[in-house]
Amino acid sequence: MGLTVAQIPPTFTGHPNRKRRRASLLIPLVVTALAATGLGFASKEVVPVVQALSLCRAGDASTMIPKDGVLLGVNLDWDSETLSEHRENLGHDPAVVVQFSDIPYDDETWAHTTNAVTQVRPTGGVLLLTLEPHGGLETMSDEVIAKLATDLRAVNDQGTPVVVRFAHEMNGSWYSWGQQPLRYVEVFREVAAAIHAGAPGSSMMWAPNYGGGYPFTGGQFAARPGTGDFAALDTDRDGALTMADDTYAPYYPGDDAVDWVGVSLYHWGNQRPWGNNDISESGKFLAMLTGTYSGTAGDDSSVPDFYQVYGVDHNKPVAIPETAAIFTPARGGASELDVKQAWWRQVFSVETHQKYPQLKMINWFEWKKYEIEINDDVDWRSAGSPAIRDAFSEDLPDWLQYGEDLEACR
């Protein structure tokens with residue numbers, strides 16, 4: 001959930017770490033049996049056992065890209081809701097489920113991911129695994145990358161495809177891997193090569209932060225003048241980093257390394273103070289996607305057209321890994337339904353589907369949580385109450401695809 005420059009407080013020192021998703025419920029029989037042996041599910045000793053007991057394996061990851069329609073997924077708060085409960089709410093299994101993990105990881109940390117797989121596997125969906133190297137890019141050794149590929153192969157061999165969103169929002173200044181395009185591209189390519197070779201049921205997503213407000217001055221990891229990274233980011237060669245520089249291109253790892261491109265798009269409100277309950281301006285979602293937004297939240301018209309450049313010119317499937325509209329219960333303004341419905345009707349509009357066929361994945365951010373950026377509790381959910389859930393379900397178009405529509409097993 002990256003910020004525009006207008007959303008970064010004057011004392012901004014970096015995004016807080018997200019609470020780890022601990023998907024510990026709904027453990028299937030095979031995992032229970034493995035646990036009884038005393039083996040760690042993701043350990044190298046158990047990989048052959050998982051493969052032997054699998055009912056099927058995930059096929060080539062490219063088969064998960066729909067020829068027509070869009071995968072509808074969810075970024076779920078595992079501590080408050082299971083996937084089965086989410087299905088009961090909306091009447092469908094999500095096609096994509098988002099999980100976060102640190103990398104490098106130990107067996108205990110990786111168990112949170114494999115526990116998420118136990119929920120995703122029965123749905124027939126895809127796991128979108130966001131890997132965060134909080135120790136910095138230098139922690140991504142050959143051994144760490146090789147272990148990742150091996151562990152992903154074990155997940156694939158259970159029948160669950162994985163899309164790896166590695167070191168997302170790398171153009172931001174708030175993460176330890178941020179604004180280091182030279183090393184970032186090298187590491188991304190190393191991870192992609194290992195996954196493509198060792199876990200063909202997994203694919204790579206490149207997902208920068210939306211470019212409004214670039215270069216996000218004030219973050220702890222902002223590029224410093226005089227460095228090679230600063231020079232690489234100064235795409236107009238004027239000696240400064242500004243909105244005139246390309247916020248995406250210096251970080252792009254190359255078509256051979258990237259399978260999906262993604263950018264998260266949120267409605268944080270229309271103007272300062274951020275977080276108020278405002279109905280989004282008409283056309284805001286697609287304007288952000290195409291780099292044409294100029295409105296009450298600022299002039300982002302210098303941001304590149306993400307959809308055209310990476311979806312069309314580079315011919316990659318486009319994802320919205322996270323989206324939602326902010327509703328702050330403690331504040332006044334428009335009603336929760338009006339705020340959220342105005343946004344999701346833009347996201348799922350007829351125009352979205354007809355004019356942007358390379359858009360292949362949209363994931364709703366299904367969380368109620370405290371947001372440090374506005375110092376308040378926010379309810380982002382589409383199914384947090386029966387009234388919101390029913391309105392959301394009623395507005396979902398028929399061109400969306402769900403877990404039951406996919407054929408992951410081969």
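Scope of the values below: all heavy atoms of this structure, side chains included, with no hydrogens, waters or symmetry mates. Count residues from 1 along the sequence.
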So, the side chain of [X] versus the backbone of [Y]: is there a donor-acceptor pair under 3.5 Å, distance only?
| X | Y | result |
| --- | --- | --- |
| T235 | D246 | yes |
| Q346 | K284 | yes |
| Q220 | W174 | no |
| N277 | G332 | yes |
| E336 | P329 | no |
| T296 | N270 | yes |
| S302 | A244 | no |
| Q308 | P304 | no |
| K316 | D313 | no |
| T150 | A146 | yes |

Distance check, rounded to the nearest 0.5 Å: [X] atom [atom1] versus [Y] atom [atom2]?
| X | Y | atom1 | atom2 | value |
| --- | --- | --- | --- | --- |
| H353 | L400 | NE2 | CG | 9.0 Å |
| W399 | F348 | CH2 | CZ | 6.5 Å |
| D379 | E366 | CG | CD | 8.0 Å |
| E322 | I362 | CD | CD1 | 13.5 Å |
| I195 | D259 | CD1 | CG | 9.0 Å |
| Y105 | L148 | OH | CG | 4.5 Å |

Are [X] and [Y] near enough that their ring centres are under 6.0 Å apart?
| X | Y | answer |
| --- | --- | --- |
| H168 | W206 | no |
| Y252 | H314 | yes |
| F285 | W343 | yes |

If you compare all heavy atoms of [X] against all heavy atoms of [Y], which two are closest, and at what distance to 0.1 Å?
| X | Y | value |
| --- | --- | --- |
| P94 | L83 | CG-CD2, 3.9 Å |
| T109 | S101 | CG2-OG, 3.9 Å |
| A223 | F230 | O-CD1, 3.8 Å |
| W78 | V98 | NE1-O, 3.8 Å |
| E351 | Y356 | O-CD1, 3.7 Å |
| L90 | R389 | CD2-CG, 3.9 Å |

(message) Could you go through N115 and T118, starting from their C-alpha distance and side-chain angles, then the distance that decides it, and tell me whether this counts as side chain to side chain donor-acceptor pair (under 3.5 Å)?
(response) CA-CA 5 Å; N115 288 341; T118 67; 5.1 Å; no
Do [X] and [Y] come within less than 4.5 Å of each other through their side chains, counting heavy atoms only?
| X | Y | value |
| --- | --- | --- |
| L286 | Y307 | no |
| L289 | I320 | yes |
| L76 | H86 | yes |
| W380 | K340 | no |
| D60 | P200 | no |
| V185 | M170 | no |
| N209 | Y251 | no |
| P321 | L128 | yes |

(request) Going by the side-chain contact (heavy atoms from CB on, under 4.5 Å) test, name the single residue among V97, T160, L129 that passes it with V117. (result) T160
(request) Please name the residue in the list D68, V96, V70, L71 that meets the side-chain contact (heavy atoms from CB on, under 4.5 Å) test with Q401. (result) L71
(message) Test side-chain contact (heavy atoms from CB on, under 4.5 Å) on I65 and M361; report intermediate values, then the result.
(response) CA-CA 9 Å; I65 303 171; M361 179 194 298; over 6 Å; no
(message) Test of understanding: with side chain to side chain donor-acceptor pair (under 3.5 Å), list the residues that count as partners of N156, not counting sequence neighbours.
(response) S202
(request) For the pair F365 and W367, name the ring-plane relationship: parallel under 30°, tilted 30 to 60°, perpendicular over 60°. (result) parallel
(request) List the steps, then state whether side-chain contact (heavy atoms from CB on, under 4.5 Å) holds for R165 with F100. (result) CA-CA 9 Å; R165 181 170 59 155; F100 282 73; 3.5 Å; yes
Does a donor on one side chain sit under 3.5 Å from an acceptor on the other, for [X] and [Y]?
| X | Y | answer |
| --- | --- | --- |
| H92 | D405 | no |
| Y370 | N375 | yes |
| E371 | W274 | no |

(request) Among residues two or more places apart or on two chains, list those pairs meeting salt bridge (charged side-chain N to carboxylate O under 4.0 Å, His left out) that have a residue in residues 222-242. (result) none
(request) Mind jotting down which residue pairs meet the salt bridge (charged side-chain N to carboxylate O under 4.0 Å, His left out) criterion with at least one end in residues 186-203? Sequence neighbours excluded, please. (result) R183-E186, R183-E190, R189-D256
(request) Evaluate salt bridge (charged side-chain N to carboxylate O under 4.0 Å, His left out) for R331 paired with D376, printing each intermediate quantity in order. (result) CA-CA 9 Å; R331 303 190 186 186; D376 217 333; 3.1 Å; yes
(message) One thing to verify: whether D77 and R381 come together as a salt bridge, which I'm taking to mean a side-chain N less than 4.0 angstrom from a carboxylate O.
(response) no
(request) Please report the C-alpha distance between H134 and Y175 in whole Å, then the side-chain angles of each, then the deciding distance to 0.1 Å, and finally whether the side-chain contact (heavy atoms from CB on, under 4.5 Å) criterion is met. (result) CA-CA 7 Å; H134 286 291; Y175 285 134; 4.2 Å; yes
(request) Could you please spell out the steps behind the side-chain contact (heavy atoms from CB on, under 4.5 Å) verdict for Q119 and T82? (result) CA-CA 8 Å; Q119 292 199 45; T82 66; 3.7 Å; yes
